[in-house]
Q: 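Starting off with a structure, shown below.
No experiment lies behind these values; they were computed from the predicted model shown.
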There are 2 protein chains.
Amino acid sequence: MVRKTKEDAEITRQRIINAAREVFCTKGVSRTSLDQIATHAGVTRGAVYWHFKNKTELFHAMREQVFLPLFDRMDDTLLANIDPTKPGAIDPLARIEHFLLETINALNEQQETRQTYEIMMSKCEYVDEFATVLQQILHNCSGIAEKYETIYQEAKNLDLLHPNHDPKQLAVDTHLFFTGLLHLWVKDSDGTHFRNQADELIAAHIKFRRK
Amino acid sequence: MVRKTKEDAEITRQRIINAAREVFCTKGVSRTSLDQIATHAGVTRGAVYWHFKNKTELFHAMREQVFLPLFDRMDDTLLANIDPTKPGAIDPLARIEHFLLETINALNEQQETRQTYEIMMSKCEYVDEFATVLQQILHNCSGIAEKYETIYQEAKNLDLLHPNHDPKQLAVDTHLFFTGLLHLWVKDSDGTHFRNQADELIAAHIKFRRK
DNA sequence: TAATATACATTCATGCTTGTATGTATGCAA
DNA sequence: TTGCATACATACAAGCATGAATGTATATTA
């Protein structure tokens, strides 16, 4: 029983990626063997090596599957209605708040996303071939901070902020706040410390900025 | 050449811990073999297995060496002059700012601390025996947040804060801010994004709170 | 000073993982 | 319908890494 159709092969590929995510999440990336992934996906290592060069490329495929569409949606949520002269434009601070809430909401609702974040933040060692991933993350981060800054500037123009609050500093502060929240949200697996009150923390963070 | 004196043995033990930290930091914990650590320390695996049961116990010893004294100093810095009626008591907000600056300063000046943070945050997979470490970190975190809250409450009593700012929310917000800063500080190895402006970010974060 | 515990070094057996090489049956194109 | 490429499964060789077992020379103690 071999040589499936193209669609079957794509399904197999997906099953392997899904299996990798789940085994990575329970055993950690380095302690996961390709045989474990293959078994969990219902195939053998032959299939894995057919679709991916090695564990590293499988890891990248798994990561991109969650993060590439995520970056796409980011712009939509953050920059939507960015023109304040338009009617129906959302309050800038509310837009940032909405974006943060949406991200947390995605973690709550999508197991794929949750597992991938968990792997990236506490089940993966950023050395050698994985070290480049850190640079990518840092790079994306600076992109996010710039978008925050634009919106905070907009808020300042609308006189929504305290007068001595600098948009750039606010942006980085929000970025650091949310970075910390994501890290602790993910690690707070029983939910008693951060998961159950993430929304209020976000609301409070934004409230601090309002005039 | 064997059987050193007790002091020699303690020196050997320290050398092994130091070697472990450095090799962990460059190769990641899971990719580091005990033989690599031993060689880097100028001994053989026999010495490592004499002083430590396995890699996990060596990891814990390395971690405690940096974090246990760090927790001790925390109380000193944060809770010093906590009685606001005393003369010379430092302004509460300045005390939090000072604590955050001191922590960043420790990372800048002590290679041991910097390497250990780097290992804990991006060169270690928190699974199986290491999963408990995450719980410890979470537990220590809640302790820190409580101390922040006490001090913010003190600041509120002194009327240093904006009236609608809640000490508890401010405390968690600061905690998340600093968690994020530490993570990005450590990952920003070339220093262009966070390391070179950490102090200003901290100052701005505290400034946002002042009335 | 003899006996014992210490502080390692050396050796060995074992298992796991990887990468590759090969086998094979089927979909698809000419 | 032949032939080739595809989509895997199976088999093989090699390299670590681990843990335990053993060896050994020296502190330490009685």
Q: Between A/D8 (CG) and C/dA25 (P), how many Å, whole number?
A: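 The distance from CG of A/D8 to P of C/dA25 comes to 18 Å, rounded to the nearest Å.
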Q: Could you work out which one of D/dC8, D/dG19, C/dA7 sits closest to the side chain of B/R45?
A: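 The answer is D/dG19, which lies nearest to the side chain.
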Q: Is the ring centre of B/F67 less than 6.0 Å from the ring centre of B/Y117?
A: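 Yes, close enough.
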Q: Name the orientation class of the two ring planes belonging to A/H183 and B/H183 (parallel below 30°, tilted from 30 to 60°, perpendicular beyond 60°).
A: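 If you compare the ring of A/H183 with that of B/H183, the planes turn out parallel.
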Q: Given C/dT10, C/dA7, C/dT18, which nucleotide is nearest the side-chain atoms of B/A9?
A: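 Between C/dT10, C/dA7, C/dT18, the one nearest the side chain of B/A9 would be C/dA7.
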Q: Could you tell me whether A/F52 and A/F59 have their ring centroids closer than 6.0 angstrom?
A: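 No, the ring of A/F52 stays outside the 6.0 Å limit from the ring of A/F59, centre to centre.
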Q: For the pair made of CD in A/E10 and P in D/dT6, what is the distance, rounded to whole Å?
A: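 That distance rounds to 15 Å.
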Q: What's the shortest heavy-atom distance between B/D173 and A/H205, and which atoms?
A: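 Reported closest heavy-atom pair: OD1-ND1, 2.7 Å.
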Q: Can you check the A/D35 CG to D/dA11 P distance for me, whole Å?
A: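 About 13 Å, once rounded to whole Å.
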Q: Rounded to the nearest angstrom, tell me the gap between atom CG in A/L34 and atom C1' in D/dC8.
A: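 Taking CG of A/L34 and C1' of D/dC8, I get 15 Å after rounding.
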Q: Of all the choices, C/dC8, C/dA7, D/dT18, which nucleotide is nearest to the side chain of B/K55 once you look at every atom?
A: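 The answer is D/dT18, which lies nearest to the side chain.
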Q: If I take atom CD1 in residue A/I11 and atom P in nucleotide D/dT6, what distance separates them, rounded to the nearest angstrom?
A: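 It works out to 19 Å between those atoms.
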Q: With respect to the side chain of B/N54, which nucleotide from D/dG19, C/dT18, D/dT18 is positioned closest?
A: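 Of all the options, the side chain of B/N54 is nearest to D/dG19.
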Q: Would you kindly give the NE2-to-C1' distance between A/H51 and D/dT6, to the nearest whole Å?
A: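 After rounding, the reported distance stands at 10 Å.
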Q: How many Å lie between CZ on A/R15 and P on D/dA7, as a whole number?
A: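 Roughly 16 Å, once rounded to whole Å.
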Q: Under the ring-ring contact (aromatic ring centres under 6.0 Å, His included) rule, what do A/F208 and B/F208 come out as? Steps first, then yes or no, please.
A: CA-CA 8 Å; A/F208 293 152; B/F208 292 153; over 10 Å; no
Q: If you pin B/E7 and B/R31 to their nearest nucleotides in DNA chain D, which one's is more 5'?
A: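 Going by which nucleotide is closer to the 5' end, it is B/R31.
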Q: Give the rounded distance in Å between these two atoms: CH2 of B/W50 and P of D/dT26.
A: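 Distance, rounded to whole Å: 17 Å.
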Q: With a non-hydrogen cut-off below 4.0 angstrom, is B/S33 in contact with a base, only sugar-phosphate, or nothing?
A: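 Sugar-phosphate contact only.
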Q: Which nucleotide sits closest to the side chain of A/Y49: C/dG19, C/dT10, D/dT18?
A: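 Of C/dG19, C/dT10, D/dT18, C/dG19 is nearest to the side chain of A/Y49.
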